[in-house]
Amino acid sequence: FRTAPAAATNFTFASLSDMQDTGERNPWSDVQAELANHPEVAFLVIPGDLTAGDGPGSWWTFFDNARGLFPGVVMMPVPGNHDTPGGSHNNDTSSFLDYFDLPDSSGLASVYRFDYGSTAFLSLNSEDMPQFAVGADQFLWMEDVLLDIVTAGDRDWVFSLWHVPPYNAG
């Protein structure tokens, strides 16, 4: 894998979500095959549902089936509803955090920022819905980060990543 450039540069990343691999099919082999055709992809962002459930078997299936990617592709994960207990909104991201060593830029579980070149990526936790409310910790963190980005003026792009969208069309 490649380390992030310090200065602004063009780069390519891929985003995928809702893999929910039950072991009956292996969507990760499709991703690995596609990435073989695109060596320019610097990293993956995965906004949620890496697994079919929060149990150990689901995590083992994820790590087993995606193992071909780990040696060469950096993955930046975001928790989804299938990555927490119960398969619905749950702010318990303890299992998710046991498996990933994420940047600790917010002091909030699974909420972080990372920069790549002149681009900022902000990972939010949509499984803790009250934290999106005005004045809540995650809201205030996002507000501070965006203010810092605007004030510094050194980012050309900002991407926010979370699993459940703020508006549901279906």
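Pairs of residues two or more places apart, or lying in two chains, never qualify as side chain to side chain donor-acceptor pair (under 3.5 Å) while including a residue from residues 140-150. Every pair passing salt bridge (Lys or Arg N to Asp or Glu O under 4.0 Å) that includes a residue from residues 100-116 is listed here, sequence neighbours excluded: Arg113-Asp115, Asp115-Arg155. Sorted by first and then second residue, the salt bridge (Lys or Arg N to Asp or Glu O under 4.0 Å) pairs with a member in residues 54-82 read Asp64-Arg67; sequence neighbours excluded. The salt bridge (Lys or Arg N to Asp or Glu O under 4.0 Å) analysis of residues 70-83, with sequence neighbours excluded, yields no pairs.
Under the side chain to side chain donor-acceptor pair (under 3.5 Å) criterion, Asp18 pairs with Gln20, sequence neighbours left out. Trp28 meets the ring pair (Phe, Tyr, Trp, His ring centres under 6.0 Å) test with Phe62; sequence neighbours excluded. In this structure, the side chain to side chain contact (heavy atoms under 4.5 Å, CB included) partners of Ser29, at least two apart in sequence or on a different chain, are Asn26. Qualifying side chain to side chain donor-acceptor pair (under 3.5 Å) partners for Ser94, counting only residues two or more places apart in sequence or in other chains: Asp92.
Cluster annotation: Leu16 is connected to Phe70 through the hydrophobic network of ILVMFWY side chains, with a link wherever side-chain heavy atoms come within less than 4.5 Å. In the hydrophobic cluster analysis, where Ile, Leu, Val, Met, Phe, Trp and Tyr join through side-chain heavy atoms closer than 4.5 angstrom, Ile149 is grouped apart from Leu140. In the hydrophobic clustering of ILVMFWY residues, with side-chain heavy atoms under 4.5 Å counting as a link, Val74 and Leu161 come out together. A chain of hydrophobic side-chain contacts below 4.5 Å, direct or via other Ile, Leu, Val, Met, Phe, Trp or Tyr residues, connects Phe114 to Leu97.
If you look at Phe13 and Tyr116, their ring centroids are not closer than 6.0 Å.
Two residues are said to be in side-chain contact when any heavy atoms from C-beta on lie closer than 4.5 Å; Val78 and Val45 fail this criterion. Side-chain contact between Leu102 and Pro77: present, with at least one pair of heavy atoms (C-beta onward) separated by less than 4.5 Å.
A distance-only check finds a donor-acceptor pair linking the side chain of Thr51 to the backbone of His82 [under 3.5 Å].
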Side-chain donor-acceptor contacts of residues 119-137 below 3.5 Å, not counting sequence neighbours, with atom names and distances?
unit_1	atom_1	unit_2	atom_2	d
Asn125	OD1	Glu127	N	2.9
Asn125	ND2	Ser110	OG	3.2
Ser126	OG	His163	N	3.4
Ser126	OG	Val164	N	2.9
Glu127	OE1	His89	ND1	3.2
Glu127	OE2	Asn81	N	3.4
Gln131	OE1	Asp137	N	3.0
Gln131	OE1	Gln138	N	2.9

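For the residue pair Ala36 and Pro39, the shortest heavy atom distance occurs at O-CD, 4.1 Å.
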Legend entry - Audit row: Met75, Leu69, side-chain contact (heavy atoms from CB on, under 4.5 Å) steps and yes/no: CA-CA 9 Å; Met75 294 185 199; Leu69 293 170; 3.6 Å; yes
Inset, instruction - Begin with the C-alpha distance, continue with both residues' side-chain angles, and end with the deciding distance and a verdict on side chain to side chain donor-acceptor pair (under 3.5 Å) for Asn90 and Thr84. - result: CA-CA 6 Å; Asn90 190 324; Thr84 60; 5.3 Å; no
Inset, instruction - Output, in order, the C-alpha distance, side-chain angles, deciding distance and verdict of side-chain contact (heavy atoms from CB on, under 4.5 Å) for Val41 and Val73. - result: CA-CA 8 Å; Val41 172; Val73 180; 5.5 Å; no
